[in-house]
Amino acid sequence: MRFKQLLDPNGAWKLLPAAGLIVILWSTLRGIQNWLRVFLMVRRLPGPAGHPIFGNAKEYLSKHKFFEYAGQWREQFRNFHKTSIFFHPVIIVQSPDAVQAILSRKFKHAEKGFIYKGLQPLLGEGLITSKDEKWHSHRKLITPTFHFNILESFLEVFVSRTRDFMVDLQEAAVAANGGFIDVSPHTRRLTLAFICETAMGVPSSGKKNKQAEIVAAMHKLEEIGIYRMVRPWLLSELLFQFTQKGREQEKYKRILHDFTDEVIKERRETLSQLGKISSDETEDFKEKAIFMDLLINSSQDGKVLTVQDIREEVNTFMFAGQNTTQLAINFCLYLLGRHPNIQEKAFEELESIFGDSEREPTMEDIKKMRYLGNCIKDALRLYPSVPVIARRLTEDEEIDGHTLPKGVDVLILPYVLHRDPQQFPNPEQFDPDNFLPEKRKNRHPFAYIPFSAGPRNCIGQKFAIVAEKTVISAILRQYTVKTKEGPLIVVPNTVLVPKSGIRLSFIPRVRRRTDLQQSDLNIKTTPVVEDTYF
Ligand code: HEM
């Protein structure tokens with residue numbers, strides 16, 4: 001073909017396949033070059049021996065035993081060590097100092113790494129998965145959603161849904177006649193109601209059933225995501241779409257996206273109508289803050305946030321908030337059931353706040369639940385709902401005189417980190433006093449990170465703690481909780497799952513003293529720090 005012919009617009013298209021091929025070839029070569037650099041540099045790092053082909057895949061796939069292996073690796077290598085899944089190198093950082101180096105800076109290492117890749121179809125580029133400027137601007141925009149005043153309005157939702165939950169629980173407890181029940185379906189429904197209502201508002205009756213379908217679709221997408229995480233060759237969308245699971249993923253994604261888009265459209269219309277009605281009603285509307293409305297209001301008709309942005313953030317909020325809070329409630333109840341003395345102290349604190357009144361909690365009451373707050377904290381230490389945090393290094397990082405290369409995937413394991421005897425002298429013991437000021441004073445700031453730490457910490461942590469205190473205090477005021485299970489076996493997924501569920505019995509309480517004050521109690525508590533629920 002002559003040069004002149006190529007310049008002819010009718011001939012230029014013939015160059016396209018060749019140009020495409022060059023781009024693919026170039027990016028493949030770049031990919032191989034980067035992988036090779038990471039692979040060769042990681043080879044020099046300390047770490048446990050692995051199979052020549054499978055690497056440490058056996059340990060990663062051993063589910064509940066994985067943490068045991070990781071604990072042994074920490075004993076052997078302390079700060080960090082390499083591992084691999086087939087030929088994919090993964091570094092695990094184990095000491096609080098090393099964790100701080102990875103989590104503490106704003107843009108450095110803010111990329112989330114391979115384990116989130118499988119969740120991309122579910123979350124798109126919401127806060128959890130986005131990076132750089134997009135993450136920064138959205139985080140700034142969304143942070144006020146968790147402001148104190150808005151949390152107060154969320155508390156109304158928590159209280160009224162907990163009221164329904166207690167009726168539900170009472171029926172189940174009566175039916176069990178003092179026996180044990182699996183608490184998970186009850187707390188799942190409850191936290192689902194918390195999240196759907198605070199994210200999207202009270203559903204119209206037609207949408208009520210739909211919300212359960214949406215959460216089922218989210219769980220399916222999460223399951224598919226996990227399936228892909230341990231099969232790195234399925235992480236390419238290009239190949240995955242042709243598989244059976246790829247087609248399922250597309251189906252659930254559609255269900256989820258169509259639903260959220262429709263709710264956004266409806267809320268937009270409601271908001272614009274409300275703009276026209278009397279200011280009193282608008283005030284009332286504002287008081288019942290809904291996450292989606294706050295995003296729509298900040299969107300400036302798509303200039304700041306598009307419909308896709310809003311959908312991704314709402315889906316992220318639902319994904320990040322529901323399972324995590326539910327599990328935290330379950331684990332805390334399990335531990336309280338196993339430790340009657342600690343449960344009794346928590347109950348006495350509640351008696352000192354509420355006396356024999358059956359009134360529902362205010363934000364002031366929630367703040368006063370300091371011992372219960374410490375129970376929740378230690379439960380999150382032993383059973384962090386998010387057991388694995390992943391990052392991909394965006395620059396080389398020096399630790400202990402070794403270079404961790406740019407591009408390598410790094411894992412942080414709160415479940416293992418929180419059981420470090422150097423930081424928690426009796427690490428396996430449930431002990432809310434671990435969070436007394438004198439104990440916290442000498443602890444490394446990155447030794448306890450159930451909500452992660454640094455700029456990409458959990459934006460919903462206060463939401464979660466207020467929700468947990470609302471539910472657990474309601475249960476303890478009415479019941480003594482007993483636990484059936486012995487030591488729990490837990491499996492790391494995207495969240496920490498108890499292998500055989502959690503069975504509890506709820507024994508109605510007989511009312512006792514009504515004149516207790518907090519100062520009468522034999523409880524050492526953390527002093528109230530303004531704007532802190534811990
Ligand atoms: C006990 C409950 C919860 C726990 C243990 C928890 C834990 C975490 C952790 C460990 C991270 C960091 C993940 C990472 O960097 O890879 C995170 C991030 C996040 N969480 Fe939570 N979370 C909880 C509840 C919630 C709730 C209720 C919401 C929303 C209502 C929420 C929203 C988020 C969001 C949006 C992020 C991403 C923040 C960012 O990257 O800027 N979480 N959470």
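Residues: numbered from 1 along the sequence shown. We count ligands from 1, going down the list as the structure has it; atoms in each ligand are counted the same way.
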Please report which non-hydrogen protein atom sits nearest to [atom], along with the residue it belongs to and the distance in Å to one decimal place.
atom: atom 10 (C) of ligand 1; answer: Pro450 O, 3.4 Å
atom: atom 4 (C) of ligand 1; answer: Phe451 CE2, 3.5 Å
atom: atom 16 (O) of ligand 1; answer: Tyr116 OH, 2.3 Å
atom: atom 26 (C) of ligand 1; answer: Gly321 CA, 3.4 Å
atom: atom 12 (C) of ligand 1; answer: Ser452 CB, 3.6 Å
atom: atom 36 (C) of ligand 1; answer: Ile128 CG1, 3.7 Å
atom: atom 35 (C) of ligand 1; answer: Ile459 CG2, 3.5 Å
atom: atom 23 (C) of ligand 1; answer: Thr324 OG1, 3.5 Å

Region of Ile142 engaging ligand 1 - heavy atom pairs below 4.0 Å: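 The answer is neither.
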
Gln326, portion touching ligand 1 at heavy-atom distance under 4.0 Å: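 No part of Gln326 is near ligand 1 at this cut-off.
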
Ion pair check, Asp396 and Lys406, cut-off under 4.0 Å: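 Judged by the 4.0 Å cut-off on N to carboxylate O distance, Asp396 and Lys406 do not form a salt bridge.
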
Arg370 with Glu349: basic N within carboxylate O range, under 4.0 Å: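 Judged by the 4.0 Å cut-off on N to carboxylate O distance, Arg370 and Glu349 do not form a salt bridge.
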
Over-ring placement of [X] relative to [Y], 6.0 Å and 45° cut-offs:
X: Arg311; Y: Phe259; value: no
X: Arg139; Y: Phe146; value: no
X: Arg381; Y: Phe424; value: yes
X: Arg228; Y: Phe240; value: yes

Within-shell test, Trp135 vs ligand 1, heavy atom, strictly < 4.0 Å: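 True for this residue.
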
For ligand 1, which atoms have a heavy atom of [X] less than 4.0 angstrom away?
X: Phe463; value: 27 (C)
X: Val386; value: 7 (C), 8 (C), 10 (C)
X: Phe317; value: 30 (C)

From the options [options], select the one whose nearest heavy atom is closest to [atom].
atom: atom 40 (O) of ligand 1; options: Arg456, Arg391, Gln322; value: Arg456
atom: atom 25 (C) of ligand 1; options: Ala320, Ala464, Gly126; value: Ala320
atom: atom 18 (C) of ligand 1; options: Ala390, Ala328, Cys458, Ala453; value: Cys458

Heteroatom proximity flag, Arg139 to ligand 1, N/O under 3.5 Å: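 Yes: some nitrogen or oxygen of Arg139 is under 3.5 Å from one in ligand 1.
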
Any N/O pair Asn457/ligand 1 closer than 3.5 Å: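 N/O-N/O distance below 3.5 Å does not exist for this pair.
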
Flag for Glu222-Thr494: side-chain donor and acceptor within less than 3.5 Å: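 There is such a pair (donor and acceptor under 3.5 Å, judged by atom type) between the side chains of Thr494 and Glu222.
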
Donor-acceptor pair between Ser95 and Asn79 side chains, under 3.5 angstrom: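 The criterion, which ignores hydrogens and geometry beyond distance, is satisfied for Asn79 and Ser95.
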
Centroid-centroid distance, Phe430 to Phe331, less than 6.0 Å: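 Judged by ring-centre distance (under 6.0 Å), Phe430 and Phe331 do not meet the cut-off.
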
Check: His418 ring centroid to Tyr448 ring centroid under 6.0 Å: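 His418 vs Tyr448: aromatic centres under 6.0 Å.
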
Expected output: side-chain Glu360 to main-chain Val159 donor-acceptor under 3.5 Å: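 No: the side chain of Glu360 does not pair with the backbone of Val159.
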
Mutual orientation of the aromatic rings belonging to Phe67 and Tyr415 [parallel < 30°, tilted 30-60°, perpendicular > 60°]: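 Answer is parallel, since the angle falls under 30°.
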
